[in-house]
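Note sheet for the following structure.
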Amino acid sequence: MLYGIGMVSFLNTITMKQISLVWLRRDLRLDDQAALYHALKNETNVLPLFIFDTTILNLLPNKFDRRVDFIHQVLSDMKKELDAINSSLLVEYGDPIDVFSELIDRFTIKAIYTNRDYEPTAIARDESVKKLVESKGIAFKTFKDQCIFEQSEIVKDDGSPYSIFTPYSRKWKSKLNDFYLKSYPCKKYYHHFYQGDDFKFPDLESLGFSKTDIVYNKFVLSREIVRHYDKTRDFPALKGTSRASMHLRFGTISIRKLARYALDYNETYLNELIWRDFYMMILYHYPKIVRHSFKADYDKIPWLNNEKDFKAWCEGKTGYPIVDAGMRELNTTGFMHNRVRMIVASFLTKHLLIDWRWGEAYFAEKLDDYDLSANNGGWQWAASSGCDAVPYFRIFNPEEQTKKFDPNRAYIRKWIPELDSLDYPKPIVEHKFARERALNVYKKALAG
DNA sequence: GGCCCCTTCGG
DNA sequence: CGAAGGGGC
């Protein structure tokens, strides 16, 4: 009897097709995708896998999360595309280590292909998965896909990483050539996709989440916006930015495609893409910045961290219209124009002397395009604690920023309809007083 | 064996 | 694009 059961599972194993997995994470597309390309080129029976990672999902306080809904919609589209070529998509739910333990028993897996992620927790996760699968004789192969240049590809002549953007970007541009921007021609090897069984696709509710107002559409970059980017990007009332951030975050657009556009049409736009590479590189080399100031001295600042002020900032009730408009845009849509992100971050860290970590955590919760490297970089830039940050004595004046970048107050009025009524709050702190206070607190902390 | 040219190939 | 490698001389 025991012999019989063993025999059945033995037969199942040897008759089962050997497959290779492409573990999708923030690269949710089937074209110009590095890991997918290499898997399809080198292997047969290639099956894409996505894991709804409970170690991430369990930390999301709001079950109406646009990001989870977005991923779910993207995967649903992808599955249709794969179904159409008689292939499939494997979607799992759980801690990746447990999921892979289970998959190793369920399938005969030859190799796992995936694209590198540079966040410390992702690096640790991938290390432990690699250890697990390699102990079972399964290859674990990783590729560069998220950025143009990663890790130590752009370093100073002595091999050390840059911490100043301008020389970094110069080196970046000098190293760039068409080959780095070339699209990975995945379609050429589509016949190597796994053929056969259809795998169950979970609905959003079974993952513990609910439908939101987000609708996923394939991202189309506007050539006109990129062409005029340098002239329009700072005006939040205009449609002057590419709105690519969420697609870059989840990989529904290829960075190479955007960089080709940028190179052809607008240098300023290209620089913004280089900032993205720069901050990913910085996070890779200095993972301590997740919790600590890049410039250690700045962790000596005695933040006031007034809860009432923080709440007013979060809710868009500081009495500073440009700040409040930004926060309301964020709370309502999950997005905030980048010029306004800088203004609200400067206001929180300098006017209110609230720890940049509080602001960053709030953005992490609310931004649909939230990305650790870019957000940490942006917050530490505004707080002056970061690499190549704004100097501490440069404090954005909200009124001056408004005059320059929202002169007709069109953006402000869009988000604050009650602006001219008594319902709109008085400023929670006076600008001149707050500015002097910030200067004194920063100066004293950095001197001591 | 050494050099040059041309093709291939990598991310 | 630029490096590497094969073939011809």
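Proteins come first, then strands; the chains are lettered A, B, ... in the order of their sequence lines, and each starts at number 1. None of these values were measured; they are calculated from a predicted model.
- Between the NE2 atom of A/His38 and the C1' atom of B/dG10 there is a distance of 8 Å, given to the nearest Å.
- The nearest whole Å value for the distance from the CZ atom in A/Phe149 to the P atom in C/dG2 is 11 Å.
- A/Arg25 pairs with exactly one of A/Asp126, A/Asp117, A/Asp53, A/Asn115 by the side-chain hydrogen bond (donor to acceptor under 3.5 Å, both in side chains) rule, that one being A/Asp126.
- Across the protein-nucleic acid pair, A/Asn177 atom CG and B/dG10 atom P stand 15 Å apart, rounded to whole Å.
- Atom-to-atom, CG of A/Leu181 to P of C/dG2 comes out at 13 Å; the value is rounded to the nearest Å.
- By the 5.5 angstrom centroid cut-off and the 30-degree plane limit, A/Phe179 is classified as not stacked against the base of C/dG2.
- What separates NZ of A/Lys188 from C1' of B/dC9 is a distance of 11 Å, to the nearest Å.
- Distance A/Arg256 CZ to B/dG10 P: 16 Å, rounded to the nearest Å.
- The OH-C1' distance, from A/Tyr37 to B/dG10, rounds to 9 Å in whole Å.
- Among residue pairs with one or both ends in residues 123-142 of chain A, none qualify as ring pair (Phe, Tyr, Trp, His ring centres under 6.0 Å); sequence neighbours excluded.
- Atom C1' of nucleotide B/dC9 and atom OH of A/Tyr180 are separated by 13 Å, given to the nearest angstrom.
- Salt-bridge annotation for A/Glu360 and A/Arg357: absent, with no side-chain N of the basic residue lying under 4.0 Å from a carboxylate O of the acidic one.
- Residue-level contact check: A/Tyr184 touches the bases, meaning some heavy atom is under 4.0 Å from a base atom.
- OP1 or OP2 of B/dG10 lies within a sub-4.0 Å distance of a side-chain N or O belonging to A/Lys41.
- Geometrically, A/Arg233 does not engage A/Phe405 in a cation-pi contact, judged by NZ or CZ lying under 6.0 Å from the ring centre and within 45° of the ring axis.
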